[in-house]
Amino acid sequence: MAKKYIFITGGVVSSLGKGITSASLAYLLMSHGLSVSIVKIDPYLNVDPGTMNPYQHGEVYVLDDGAETDLDLGHYERFTNLTLSRKNNFTTGQVYFTVISKERNGDYLGKTVQIIPHITNEIKKRIKEAGKGKDVLIVEIGGTIGDIEGLPFLEAIRQMGYNEKRENCLYVHLTLVPYIKTAGELKTKPTQHSVKELQSIGISPDIIVCRSERRISNELKEKIAMFCNVEKEAVISALDVDTVYEIPLAFKKEGFDRLVIEKLSLDVKKEPNLSDWQDMVNAIKNPKDKVKIAFVGKYVGLKESYKSLIESFVHSGADLDLKVELKWIESEELEGENYKDLLKDVDGILVPGGFGSRGIEGKLNAIKYARENSIPFLGICLGMQTAVVEFARHVAGLNNAHSEEFDKDTEYKVIHLARKWEKEGEIVTRDETTQKGGTMRLGSYPCIIEKGTLAYKIYKKEKIDERHRHRYEFNNQYRDVFKKAGLVISGVSPDNEFVEIVELENHPFFIGVQFHPEFKSRPLKPHPVIRMFVEKSYETRRIKA
Ligand code: GLN
(Lines give C-alpha, C1' and ligand atoms only; values in the text may rest on other atoms or scores of the structure.)
Protein backbone atom coordinates (compact mmCIF):
# COMPACT_ATOMS: atom_id res chain seq x y z
CA MET A 1 0.00 0.00 0.00
CA ALA A 2 1.16 3.49 -0.76
CA LYS A 3 0.59 6.31 1.67
CA LYS A 4 -1.17 8.47 -0.93
CA TYR A 5 -2.79 7.89 -4.31
CA ILE A 6 -3.13 10.13 -7.35
CA PHE A 7 -5.64 8.95 -9.94
CA ILE A 8 -5.30 10.33 -13.45
CA THR A 9 -8.23 10.12 -15.82
CA GLY A 10 -8.71 11.60 -19.26
CA GLY A 11 -11.69 13.20 -20.95
CA VAL A 12 -13.01 14.53 -24.26
CA VAL A 13 -10.59 12.75 -26.60
CA SER A 14 -7.81 10.19 -26.39
CA SER A 15 -4.13 10.93 -27.02
CA LEU A 16 -4.06 13.99 -24.78
CA GLY A 17 -0.91 12.75 -23.12
CA LYS A 18 -2.08 11.17 -19.88
CA GLY A 19 1.01 9.02 -19.89
CA ILE A 20 3.36 11.98 -20.20
CA THR A 21 1.33 13.91 -17.62
CA SER A 22 1.59 11.02 -15.16
CA ALA A 23 5.30 10.56 -15.86
CA SER A 24 6.00 14.30 -15.51
CA LEU A 25 4.14 14.51 -12.22
CA ALA A 26 6.05 11.47 -10.95
CA TYR A 27 9.33 13.13 -11.94
CA LEU A 28 8.40 16.38 -10.16
CA LEU A 29 7.32 14.65 -6.96
CA MET A 30 10.52 12.62 -6.95
CA SER A 31 12.51 15.83 -7.32
CA HIS A 32 11.10 16.78 -3.90
CA GLY A 33 12.63 13.61 -2.44
CA LEU A 34 9.40 11.58 -2.34
CA SER A 35 9.32 7.90 -3.21
CA VAL A 36 6.90 7.43 -6.07
CA SER A 37 5.66 4.61 -8.23
CA ILE A 38 3.23 4.54 -11.06
CA VAL A 39 0.78 2.03 -12.52
CA LYS A 40 -1.03 2.03 -15.85
CA ILE A 41 -4.39 0.31 -16.18
CA ASP A 42 -5.46 -0.66 -19.70
CA PRO A 43 -9.17 -1.30 -20.13
CA TYR A 44 -8.93 -3.85 -22.95
CA LEU A 45 -9.44 -7.61 -22.79
CA ASN A 46 -6.01 -8.67 -24.07
CA VAL A 47 -3.98 -10.06 -21.20
CA ASP A 48 -1.04 -7.97 -22.36
CA PRO A 49 -0.18 -6.03 -25.52
CA GLY A 50 2.40 -8.67 -26.54
CA THR A 51 0.11 -10.14 -29.18
CA MET A 52 -1.30 -6.87 -30.47
CA ASN A 53 -0.61 -5.40 -33.89
CA PRO A 54 1.79 -2.45 -33.67
CA TYR A 55 -0.53 -0.48 -35.96
CA GLN A 56 -3.23 -0.65 -33.32
CA HIS A 57 -1.24 -0.42 -30.21
CA GLY A 58 2.09 1.18 -30.93
CA GLU A 59 5.24 -0.13 -29.36
CA VAL A 60 5.30 -3.03 -26.93
CA TYR A 61 7.60 -1.85 -24.17
CA VAL A 62 9.59 -4.59 -22.43
CA LEU A 63 10.60 -4.42 -18.78
CA ASP A 64 13.54 -6.07 -17.00
CA ASP A 65 11.31 -8.86 -15.70
CA GLY A 66 10.12 -9.65 -19.21
CA ALA A 67 6.68 -8.04 -18.95
CA GLU A 68 5.35 -6.84 -22.30
CA THR A 69 3.64 -3.57 -21.52
CA ASP A 70 1.99 -0.46 -22.84
CA LEU A 71 4.29 2.18 -24.26
CA ASP A 72 3.37 4.56 -21.44
CA LEU A 73 5.57 2.43 -19.21
CA GLY A 74 8.41 3.63 -21.41
CA HIS A 75 7.53 7.24 -20.60
CA TYR A 76 7.40 6.38 -16.91
CA GLU A 77 10.83 4.77 -16.92
CA ARG A 78 12.36 7.52 -19.02
CA PHE A 79 11.05 10.36 -16.88
CA THR A 80 11.66 8.76 -13.50
CA ASN A 81 14.64 6.42 -13.96
CA LEU A 82 12.63 3.82 -12.04
CA THR A 83 12.92 0.17 -13.02
CA LEU A 84 9.33 -1.01 -13.21
CA SER A 85 7.90 -4.53 -13.15
CA ARG A 86 4.83 -6.38 -14.36
CA LYS A 87 2.97 -5.04 -11.34
CA ASN A 88 3.06 -1.58 -12.92
CA ASN A 89 0.74 -2.38 -15.81
CA PHE A 90 -2.43 -4.45 -15.86
CA THR A 91 -5.39 -4.92 -18.16
CA THR A 92 -9.07 -5.84 -17.94
CA GLY A 93 -8.01 -9.18 -19.39
CA GLN A 94 -5.70 -9.91 -16.46
CA VAL A 95 -8.26 -8.87 -13.89
CA TYR A 96 -11.03 -11.05 -15.34
CA PHE A 97 -8.61 -13.92 -15.88
CA THR A 98 -7.72 -13.92 -12.18
CA VAL A 99 -11.30 -13.65 -11.00
CA ILE A 100 -12.62 -16.34 -13.36
CA SER A 101 -9.76 -18.70 -12.47
CA LYS A 102 -10.60 -18.24 -8.80
CA GLU A 103 -14.25 -18.92 -9.52
CA ARG A 104 -13.37 -22.17 -11.32
CA ASN A 105 -11.19 -23.06 -8.39
CA GLY A 106 -14.14 -22.74 -6.04
CA ASP A 107 -12.57 -19.89 -4.11
CA TYR A 108 -15.80 -17.90 -3.91
CA LEU A 109 -17.59 -20.66 -2.01
CA GLY A 110 -20.77 -20.67 -4.05
CA LYS A 111 -21.30 -16.92 -4.13
CA THR A 112 -22.48 -15.12 -7.25
CA VAL A 113 -19.37 -13.60 -8.79
CA GLN A 114 -19.99 -10.01 -9.91
CA ILE A 115 -18.25 -6.93 -11.25
CA ILE A 116 -18.91 -5.24 -7.93
CA PRO A 117 -17.39 -6.38 -5.61
CA HIS A 118 -15.24 -9.15 -7.14
CA ILE A 119 -13.77 -7.38 -10.15
CA THR A 120 -13.44 -4.06 -8.32
CA ASN A 121 -11.76 -5.78 -5.35
CA GLU A 122 -9.25 -7.42 -7.65
CA ILE A 123 -8.53 -4.02 -9.22
CA LYS A 124 -8.02 -2.39 -5.82
CA LYS A 125 -5.76 -5.24 -4.73
CA ARG A 126 -3.56 -4.77 -7.77
CA ILE A 127 -3.38 -1.01 -7.32
CA LYS A 128 -2.33 -1.40 -3.69
CA GLU A 129 0.29 -3.97 -4.59
CA ALA A 130 1.81 -1.61 -7.14
CA GLY A 131 2.15 1.09 -4.49
CA LYS A 132 3.69 -1.00 -1.73
CA GLY A 133 6.11 0.97 0.41
CA LYS A 134 5.87 4.20 -1.61
CA ASP A 135 4.94 7.68 -0.45
CA VAL A 136 2.82 8.20 -3.54
CA LEU A 137 1.36 5.94 -6.20
CA ILE A 138 0.20 7.51 -9.44
CA VAL A 139 -2.56 5.49 -11.11
CA GLU A 140 -3.22 6.20 -14.77
CA ILE A 141 -6.54 4.93 -16.09
CA GLY A 142 -6.32 4.24 -19.81
CA GLY A 143 -9.10 5.25 -22.19
CA THR A 144 -11.46 8.19 -22.02
CA ILE A 145 -14.26 9.01 -19.60
CA GLY A 146 -17.48 7.70 -21.08
CA ASP A 147 -16.02 4.43 -22.39
CA ILE A 148 -17.99 1.42 -21.17
CA GLU A 149 -14.78 -0.55 -20.67
CA GLY A 150 -13.40 1.89 -18.14
CA LEU A 151 -16.34 1.81 -15.72
CA PRO A 152 -15.16 -0.96 -13.35
CA PHE A 153 -11.84 0.85 -12.95
CA LEU A 154 -13.50 4.17 -12.22
CA GLU A 155 -15.76 2.48 -9.70
CA ALA A 156 -12.69 0.91 -8.06
CA ILE A 157 -10.87 4.23 -7.75
CA ARG A 158 -14.02 5.89 -6.49
CA GLN A 159 -14.19 3.25 -3.74
CA MET A 160 -10.54 3.82 -2.91
CA GLY A 161 -11.33 7.43 -2.08
CA TYR A 162 -13.62 6.00 0.58
CA ASN A 163 -11.54 3.01 1.74
CA GLU A 164 -8.20 4.82 1.90
CA LYS A 165 -9.74 8.06 3.15
CA ARG A 166 -10.50 10.95 0.87
CA GLU A 167 -7.55 13.04 2.11
CA ASN A 168 -5.13 10.38 0.90
CA CYS A 169 -6.51 10.35 -2.62
CA LEU A 170 -6.30 12.94 -5.33
CA TYR A 171 -8.28 12.86 -8.57
CA VAL A 172 -6.68 14.58 -11.53
CA HIS A 173 -8.65 14.94 -14.75
CA LEU A 174 -6.93 15.74 -18.04
CA THR A 175 -9.10 17.39 -20.68
CA LEU A 176 -8.94 19.29 -23.93
CA VAL A 177 -9.76 22.97 -24.27
CA PRO A 178 -10.04 23.33 -28.03
CA TYR A 179 -9.42 26.52 -29.93
CA ILE A 180 -12.18 27.26 -32.43
CA LYS A 181 -10.67 29.26 -35.24
CA THR A 182 -13.85 30.76 -36.65
CA ALA A 183 -14.88 32.03 -33.23
CA GLY A 184 -11.32 32.91 -32.27
CA GLU A 185 -11.96 31.38 -28.86
CA LEU A 186 -10.95 28.60 -26.53
CA LYS A 187 -13.95 26.48 -25.57
CA THR A 188 -14.58 25.01 -22.13
CA LYS A 189 -17.80 23.12 -22.82
CA PRO A 190 -16.19 19.74 -23.58
CA THR A 191 -14.36 20.01 -20.24
CA GLN A 192 -17.58 20.80 -18.42
CA HIS A 193 -19.28 17.77 -19.98
CA SER A 194 -16.43 15.46 -19.23
CA VAL A 195 -16.28 16.53 -15.59
CA LYS A 196 -20.06 16.13 -15.29
CA GLU A 197 -19.76 12.59 -16.61
CA LEU A 198 -17.11 11.87 -14.03
CA GLN A 199 -19.23 13.38 -11.26
CA SER A 200 -22.20 11.26 -12.30
CA ILE A 201 -20.22 8.17 -11.34
CA GLY A 202 -19.25 9.66 -8.01
CA ILE A 203 -15.83 11.14 -8.72
CA SER A 204 -15.23 14.85 -8.27
CA PRO A 205 -11.87 15.83 -9.68
CA ASP A 206 -9.59 17.88 -7.42
CA ILE A 207 -7.37 19.14 -10.21
CA ILE A 208 -8.16 19.77 -13.85
CA VAL A 209 -5.32 19.78 -16.33
CA CYS A 210 -6.29 21.48 -19.57
CA ARG A 211 -4.48 20.69 -22.79
CA SER A 212 -4.73 23.52 -25.27
CA GLU A 213 -2.79 25.10 -28.09
CA ARG A 214 -3.23 28.61 -26.65
CA ARG A 215 -2.69 30.11 -23.25
CA ILE A 216 -5.64 29.74 -20.92
CA SER A 217 -6.43 33.14 -19.41
CA ASN A 218 -7.24 33.70 -15.76
CA GLU A 219 -10.79 34.44 -16.74
CA LEU A 220 -11.14 31.13 -18.47
CA LYS A 221 -9.56 29.31 -15.56
CA GLU A 222 -12.17 30.91 -13.33
CA LYS A 223 -14.94 29.76 -15.61
CA ILE A 224 -13.65 26.19 -15.66
CA ALA A 225 -13.20 26.28 -11.89
CA MET A 226 -16.74 27.50 -11.33
CA PHE A 227 -18.43 24.99 -13.62
CA CYS A 228 -16.32 22.06 -12.53
CA ASN A 229 -16.36 22.76 -8.83
CA VAL A 230 -12.64 23.18 -8.21
CA GLU A 231 -10.57 26.11 -6.99
CA LYS A 232 -9.15 28.37 -9.67
CA GLU A 233 -5.60 27.41 -8.62
CA ALA A 234 -6.53 23.80 -9.36
CA VAL A 235 -6.98 24.50 -13.04
CA ILE A 236 -3.62 23.77 -14.63
CA SER A 237 -2.88 24.74 -18.15
CA ALA A 238 -0.87 22.36 -20.32
CA LEU A 239 0.17 24.14 -23.47
CA ASP A 240 1.63 22.34 -26.46
CA VAL A 241 5.44 22.29 -26.19
CA ASP A 242 8.35 21.55 -28.52
CA THR A 243 9.54 18.43 -26.72
CA VAL A 244 7.79 16.20 -24.18
CA TYR A 245 10.72 16.67 -21.82
CA GLU A 246 9.65 20.28 -21.43
CA ILE A 247 6.39 19.25 -19.82
CA PRO A 248 7.68 18.76 -16.25
CA LEU A 249 9.23 22.23 -16.45
CA ALA A 250 5.99 23.73 -17.74
CA PHE A 251 4.03 21.98 -14.99
CA LYS A 252 6.43 23.31 -12.42
CA LYS A 253 5.85 26.85 -13.68
CA GLU A 254 2.12 26.28 -13.31
CA GLY A 255 2.70 25.11 -9.73
CA PHE A 256 1.29 21.64 -10.36
CA ASP A 257 3.71 19.92 -7.98
CA ARG A 258 3.12 22.46 -5.17
CA LEU A 259 -0.62 22.06 -5.56
CA VAL A 260 -0.40 18.27 -5.31
CA ILE A 261 1.92 18.49 -2.29
CA GLU A 262 -0.49 20.82 -0.51
CA LYS A 263 -3.62 18.91 -1.36
CA LEU A 264 -2.18 15.60 -0.20
CA SER A 265 -0.26 17.16 2.73
CA LEU A 266 2.89 15.47 1.49
CA ASP A 267 5.97 15.64 3.63
CA VAL A 268 8.56 16.92 1.13
CA LYS A 269 12.15 16.08 1.82
CA LYS A 270 14.24 18.39 -0.33
CA GLU A 271 14.27 21.37 -2.65
CA PRO A 272 14.09 20.29 -6.26
CA ASN A 273 17.01 20.90 -8.55
CA LEU A 274 15.99 20.58 -12.17
CA SER A 275 19.04 22.21 -13.74
CA ASP A 276 20.34 19.06 -15.49
CA TRP A 277 16.89 18.47 -16.90
CA GLN A 278 16.66 22.07 -18.02
CA ASP A 279 20.06 21.79 -19.75
CA MET A 280 18.90 18.68 -21.55
CA VAL A 281 15.75 20.45 -22.76
CA ASN A 282 17.81 23.43 -23.95
CA ALA A 283 20.11 21.09 -25.85
CA ILE A 284 17.12 19.47 -27.57
CA LYS A 285 15.68 22.85 -28.53
CA ASN A 286 18.91 24.48 -29.71
CA PRO A 287 21.18 21.87 -31.27
CA LYS A 288 24.48 23.04 -32.77
CA ASP A 289 24.31 20.83 -35.82
CA LYS A 290 22.43 17.90 -37.29
CA VAL A 291 22.99 14.37 -38.45
CA LYS A 292 20.80 12.32 -40.77
CA ILE A 293 20.04 8.69 -40.09
CA ALA A 294 18.09 6.30 -42.28
CA PHE A 295 15.44 4.44 -40.31
CA VAL A 296 14.77 1.35 -42.38
CA GLY A 297 11.66 -0.23 -40.93
CA LYS A 298 8.38 -1.90 -41.60
CA TYR A 299 5.95 0.26 -39.69
CA VAL A 300 7.40 3.61 -40.60
CA GLY A 301 3.85 4.85 -41.25
CA LEU A 302 3.18 4.58 -37.56
CA LYS A 303 5.94 6.15 -35.55
CA GLU A 304 4.32 5.09 -32.26
CA SER A 305 5.58 1.56 -32.86
CA TYR A 306 9.18 2.78 -32.57
CA LYS A 307 8.59 5.14 -29.65
CA SER A 308 11.54 4.16 -27.46
CA LEU A 309 13.95 4.12 -30.35
CA ILE A 310 12.89 7.58 -31.48
CA GLU A 311 13.29 8.85 -27.92
CA SER A 312 16.70 7.23 -27.59
CA PHE A 313 17.87 9.33 -30.54
CA VAL A 314 16.55 12.45 -28.83
CA HIS A 315 18.57 11.54 -25.70
CA SER A 316 21.80 10.91 -27.60
CA GLY A 317 21.26 13.98 -29.75
CA ALA A 318 20.84 16.18 -26.66
CA ASP A 319 24.02 14.81 -25.17
CA LEU A 320 25.97 15.45 -28.39
CA ASP A 321 24.33 18.79 -29.15
CA LEU A 322 22.93 17.41 -32.37
CA LYS A 323 19.55 17.17 -33.95
CA VAL A 324 19.10 13.62 -35.15
CA GLU A 325 17.03 13.80 -38.28
CA LEU A 326 15.46 10.45 -39.08
CA LYS A 327 14.88 9.63 -42.71
CA TRP A 328 12.00 7.17 -42.64
CA ILE A 329 12.32 4.51 -45.30
CA GLU A 330 9.87 1.63 -45.82
CA SER A 331 12.26 -1.25 -46.33
CA GLU A 332 10.20 -2.48 -49.28
CA GLU A 333 11.20 0.68 -51.12
CA LEU A 334 14.81 -0.48 -50.98
CA GLU A 335 14.10 -3.67 -52.91
CA GLY A 336 14.49 -2.05 -56.31
CA GLU A 337 17.67 -1.11 -58.15
CA ASN A 338 17.49 2.50 -56.95
CA TYR A 339 18.08 1.63 -53.30
CA LYS A 340 21.45 3.36 -53.39
CA ASP A 341 19.81 6.64 -54.38
CA LEU A 342 17.57 6.53 -51.34
CA LEU A 343 20.55 6.05 -49.06
CA LYS A 344 22.93 8.50 -50.71
CA ASP A 345 22.19 11.42 -48.43
CA VAL A 346 22.30 9.68 -45.03
CA ASP A 347 25.12 9.61 -42.48
CA GLY A 348 24.10 6.41 -40.74
CA ILE A 349 21.78 3.46 -41.32
CA LEU A 350 19.57 1.86 -38.70
CA VAL A 351 17.64 -1.37 -39.09
CA PRO A 352 15.38 -1.73 -36.05
CA GLY A 353 13.63 -4.78 -34.60
CA GLY A 354 10.59 -6.25 -36.27
CA PHE A 355 8.52 -9.26 -37.18
CA GLY A 356 7.54 -10.73 -40.52
CA SER A 357 9.29 -11.11 -43.84
CA ARG A 358 7.92 -8.07 -45.67
CA GLY A 359 10.74 -5.82 -46.77
CA ILE A 360 13.56 -8.15 -45.70
CA GLU A 361 15.36 -7.94 -49.04
CA GLY A 362 15.29 -4.15 -48.79
CA LYS A 363 16.88 -4.34 -45.36
CA LEU A 364 19.56 -6.62 -46.79
CA ASN A 365 20.29 -4.02 -49.46
CA ALA A 366 20.56 -1.25 -46.88
CA ILE A 367 22.99 -3.31 -44.80
CA LYS A 368 25.08 -4.22 -47.86
CA TYR A 369 25.27 -0.53 -48.73
CA ALA A 370 26.39 0.39 -45.21
CA ARG A 371 29.00 -2.35 -45.15
CA GLU A 372 30.46 -1.58 -48.57
CA ASN A 373 30.41 2.20 -48.24
CA SER A 374 31.70 2.52 -44.68
CA ILE A 375 28.44 4.09 -43.51
CA PRO A 376 27.85 3.62 -39.76
CA PHE A 377 25.33 0.84 -39.20
CA LEU A 378 23.31 -0.28 -36.21
CA GLY A 379 21.14 -3.39 -36.38
CA ILE A 380 18.75 -4.09 -33.55
CA CYS A 381 17.28 -7.57 -33.02
CA LEU A 382 15.82 -8.33 -36.47
CA GLY A 383 18.33 -5.77 -37.74
CA MET A 384 21.19 -7.79 -36.25
CA GLN A 385 19.76 -11.03 -37.62
CA THR A 386 19.46 -9.50 -41.07
CA ALA A 387 23.05 -8.26 -40.86
CA VAL A 388 24.14 -11.84 -40.16
CA VAL A 389 22.21 -13.04 -43.22
CA GLU A 390 23.77 -10.33 -45.36
CA PHE A 391 27.24 -11.25 -44.17
CA ALA A 392 26.56 -14.95 -44.79
CA ARG A 393 25.39 -14.34 -48.36
CA HIS A 394 27.85 -11.75 -49.53
CA VAL A 395 30.99 -12.23 -47.47
CA ALA A 396 30.99 -15.81 -46.21
CA GLY A 397 29.77 -17.16 -49.55
CA LEU A 398 26.69 -18.99 -48.26
CA ASN A 399 24.51 -18.02 -51.17
CA ASN A 400 20.96 -18.65 -50.07
CA ALA A 401 21.52 -18.15 -46.36
CA HIS A 402 18.48 -16.91 -44.50
CA SER A 403 16.78 -16.77 -41.16
CA GLU A 404 14.65 -19.79 -40.43
CA GLU A 405 11.87 -17.36 -39.61
CA PHE A 406 11.55 -16.49 -43.29
CA ASP A 407 12.82 -19.54 -45.14
CA LYS A 408 12.38 -22.91 -43.49
CA ASP A 409 13.96 -24.79 -46.40
CA THR A 410 17.18 -22.92 -46.92
CA GLU A 411 20.36 -24.95 -46.72
CA TYR A 412 21.99 -22.32 -44.49
CA LYS A 413 19.80 -21.35 -41.58
CA VAL A 414 22.20 -18.85 -40.07
CA ILE A 415 19.47 -17.55 -37.76
CA HIS A 416 17.29 -20.27 -36.26
CA LEU A 417 15.14 -21.35 -33.36
CA ALA A 418 17.61 -22.66 -30.81
CA ARG A 419 16.30 -26.15 -30.17
CA LYS A 420 19.34 -27.64 -28.55
CA TRP A 421 22.36 -26.28 -26.81
CA GLU A 422 25.00 -27.32 -24.38
CA LYS A 423 24.82 -26.18 -20.81
CA GLU A 424 27.37 -27.25 -18.22
CA GLY A 425 28.36 -30.25 -20.33
CA GLU A 426 24.79 -31.40 -20.93
CA ILE A 427 22.58 -30.99 -23.96
CA VAL A 428 19.47 -28.93 -23.29
CA THR A 429 16.61 -29.55 -25.69
CA ARG A 430 13.84 -27.06 -26.13
CA ASP A 431 10.45 -28.42 -27.09
CA GLU A 432 9.57 -26.79 -30.39
CA THR A 433 5.97 -26.18 -29.43
CA THR A 434 7.07 -23.91 -26.59
CA GLN A 435 8.63 -21.59 -29.15
CA LYS A 436 5.27 -20.68 -30.61
CA GLY A 437 2.75 -18.06 -29.60
CA GLY A 438 3.87 -15.73 -26.88
CA THR A 439 7.00 -17.66 -25.97
CA MET A 440 9.93 -15.42 -26.60
CA ARG A 441 13.20 -14.66 -24.92
CA LEU A 442 11.87 -11.69 -23.00
CA GLY A 443 13.34 -9.25 -20.53
CA SER A 444 16.77 -8.52 -19.22
CA TYR A 445 19.62 -10.98 -19.78
CA PRO A 446 23.31 -10.61 -19.02
CA CYS A 447 25.85 -10.48 -21.81
CA ILE A 448 29.64 -10.85 -21.63
CA ILE A 449 31.70 -8.57 -23.81
CA GLU A 450 35.01 -9.42 -25.39
CA LYS A 451 37.78 -6.95 -24.59
CA GLY A 452 39.33 -5.04 -27.46
CA THR A 453 36.14 -4.94 -29.52
CA LEU A 454 33.91 -2.09 -30.61
CA ALA A 455 31.30 -3.31 -28.09
CA TYR A 456 33.87 -2.97 -25.33
CA LYS A 457 34.77 0.50 -26.52
CA ILE A 458 31.09 1.39 -26.29
CA TYR A 459 30.25 -0.12 -22.91
CA LYS A 460 33.70 0.08 -21.28
CA LYS A 461 32.90 -3.01 -19.21
CA GLU A 462 32.72 -6.77 -19.53
CA LYS A 463 29.29 -7.55 -18.18
CA ILE A 464 26.13 -5.79 -19.28
CA ASP A 465 22.36 -6.42 -19.03
CA GLU A 466 19.99 -5.67 -21.85
CA ARG A 467 16.34 -6.34 -22.64
CA HIS A 468 15.26 -8.91 -25.22
CA ARG A 469 12.14 -9.70 -27.21
CA HIS A 470 12.65 -12.34 -29.89
CA ARG A 471 12.28 -15.99 -30.79
CA TYR A 472 15.15 -16.55 -33.18
CA GLU A 473 18.87 -16.70 -32.45
CA PHE A 474 22.24 -16.76 -34.18
CA ASN A 475 23.00 -20.36 -35.23
CA ASN A 476 26.15 -21.42 -33.39
CA GLN A 477 26.99 -23.93 -36.10
CA TYR A 478 28.28 -21.00 -38.16
CA ARG A 479 30.44 -19.30 -35.58
CA ASP A 480 33.73 -20.57 -36.96
CA VAL A 481 32.87 -20.07 -40.62
CA PHE A 482 31.85 -16.48 -39.91
CA LYS A 483 34.85 -15.75 -37.73
CA LYS A 484 37.14 -16.92 -40.50
CA ALA A 485 35.29 -14.65 -42.91
CA GLY A 486 35.84 -11.68 -40.61
CA LEU A 487 32.72 -11.35 -38.46
CA VAL A 488 33.57 -10.48 -34.87
CA ILE A 489 31.41 -12.03 -32.17
CA SER A 490 31.89 -9.51 -29.43
CA GLY A 491 29.11 -10.34 -26.97
CA VAL A 492 27.71 -13.68 -25.82
CA SER A 493 25.49 -14.96 -23.02
CA PRO A 494 27.44 -16.01 -19.88
CA ASP A 495 27.06 -19.71 -20.78
CA ASN A 496 28.35 -18.86 -24.27
CA GLU A 497 25.22 -20.32 -25.88
CA PHE A 498 23.72 -17.20 -27.38
CA VAL A 499 25.46 -14.73 -29.64
CA GLU A 500 24.30 -11.28 -28.54
CA ILE A 501 26.57 -8.85 -30.41
CA VAL A 502 28.29 -9.04 -33.79
CA GLU A 503 30.45 -6.43 -35.46
CA LEU A 504 32.84 -5.82 -38.33
CA GLU A 505 36.46 -4.75 -38.22
CA ASN A 506 37.80 -2.26 -40.71
CA HIS A 507 34.60 -0.31 -40.71
CA PRO A 508 33.96 3.00 -38.89
CA PHE A 509 30.99 1.55 -37.03
CA PHE A 510 29.13 -1.63 -37.85
CA ILE A 511 27.36 -3.43 -35.06
CA GLY A 512 24.35 -5.70 -34.59
CA VAL A 513 22.79 -6.39 -31.22
CA GLN A 514 20.29 -9.14 -30.47
CA PHE A 515 18.70 -7.04 -27.72
CA HIS A 516 16.87 -3.71 -27.63
CA PRO A 517 19.16 -0.98 -26.26
CA GLU A 518 16.41 1.63 -26.72
CA PHE A 519 14.48 0.32 -23.70
CA LYS A 520 17.29 1.43 -21.42
CA SER A 521 18.03 4.85 -22.84
CA ARG A 522 17.15 7.74 -20.51
CA PRO A 523 17.11 11.49 -21.21
CA LEU A 524 20.00 12.17 -18.86
CA LYS A 525 21.69 8.84 -19.56
CA PRO A 526 21.63 8.11 -23.27
CA HIS A 527 22.29 4.53 -24.24
CA PRO A 528 25.98 4.09 -25.11
CA VAL A 529 25.34 2.01 -28.26
CA ILE A 530 22.97 4.54 -29.72
CA ARG A 531 25.09 7.44 -28.58
CA MET A 532 28.19 6.15 -30.31
CA PHE A 533 26.19 5.29 -33.43
CA VAL A 534 25.04 8.93 -33.59
CA GLU A 535 28.54 10.21 -32.86
CA LYS A 536 30.12 8.08 -35.60
CA SER A 537 27.40 9.02 -38.07
CA TYR A 538 28.16 12.66 -37.37
CA GLU A 539 31.86 12.02 -38.03
CA THR A 540 30.92 10.50 -41.37
CA ARG A 541 28.87 13.58 -42.16
CA ARG A 542 31.78 15.88 -41.42
CA ILE A 543 34.15 13.81 -43.55
CA LYS A 544 31.67 13.94 -46.43
CA ALA A 545 31.20 17.70 -46.11
N1 GLN B 1 11.41 -11.59 -35.52
C2 GLN B 1 12.68 -11.78 -34.90
C3 GLN B 1 12.63 -12.85 -33.82
O4 GLN B 1 11.59 -13.23 -33.39
C5 GLN B 1 13.19 -10.47 -34.33
C6 GLN B 1 12.34 -9.91 -33.26
C7 GLN B 1 12.66 -8.48 -32.96
O8 GLN B 1 13.27 -7.78 -33.75
N9 GLN B 1 12.22 -8.00 -31.81
O10 GLN B 1 13.65 -13.33 -33.39
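All ligand and atom numbering here is 1-based and tracks the order in the structure.
The backbone N or O of Asp48 lies less than 3.5 Å from no partner atom in the side chain of Asn46, so there is not a single donor-acceptor pair.
Atom CG of Leu382 is separated from atom CZ of Arg469 by 12.0 Å, given to the nearest 0.5 angstrom.
Nearest to atom 3 (C) of ligand 1 among the protein's heavy atoms is Arg471 N, 3.5 Å. Looking only at heavy atoms of the protein, atom 10 (O) of ligand 1 is closest to Tyr472 N, 2.8 Å. Atom 2 (C) of ligand 1 has its closest protein heavy atom at Glu405 OE1, 3.3 Å. Residue, atom and distance of the protein heavy atom nearest to atom 9 (N) of ligand 1 are Arg469 O, 2.8 Å. The protein atom (non-hydrogen) at minimum distance from atom 8 (O) of ligand 1 is Gly354 N, 2.8 Å.
Note: no N/O pair closer than 3.5 Å links Phe355 and ligand 1 by distance alone.
Pairing each heavy atom of Arg358 with each of Ser331, the nearest pair is O-OG, 4.2 Å.
Ligand 1 is approached by Gln385 to a heavy-atom distance shorter than 4.0 Å.
Under the 3.5 Å distance criterion, with hydrogens and angles disregarded, no donor-acceptor pair is assigned to the side chains of Ser521 and Arg531.
Taking the six-membered ring wherever Trp is involved, the centroid distance between the rings of Phe515 and Tyr445 does not fall below 6.0 Å. The aromatic ring centroids of Phe295 and Tyr306 lie less than 6.0 Å from each other.
Near His516, meaning under 4.0 Å from any of its heavy atoms, are these atoms of ligand 1: 9 (N). Listed by number with element, the atoms of ligand 1 under 4.0 angstrom from any heavy atom of Gly353 are 8 (O). Within the listing of ligand 1, atoms 5 (C), 6 (C), 7 (C), 8 (O), 9 (N) sit less than 4.0 angstrom from a heavy atom of Cys381.
Counting heavy atoms under 4.0 Å from ligand 1, residue His470 touches it through both backbone and side chain.
Within 6.0 Å of NZ in Lys408 there are more than 12 heavy atoms belonging to other residues, nucleotides or ligands. Within 6.0 Å of CG on Asn400 lie no more than 12 heavy atoms contributed by other residues, nucleotides or ligands.
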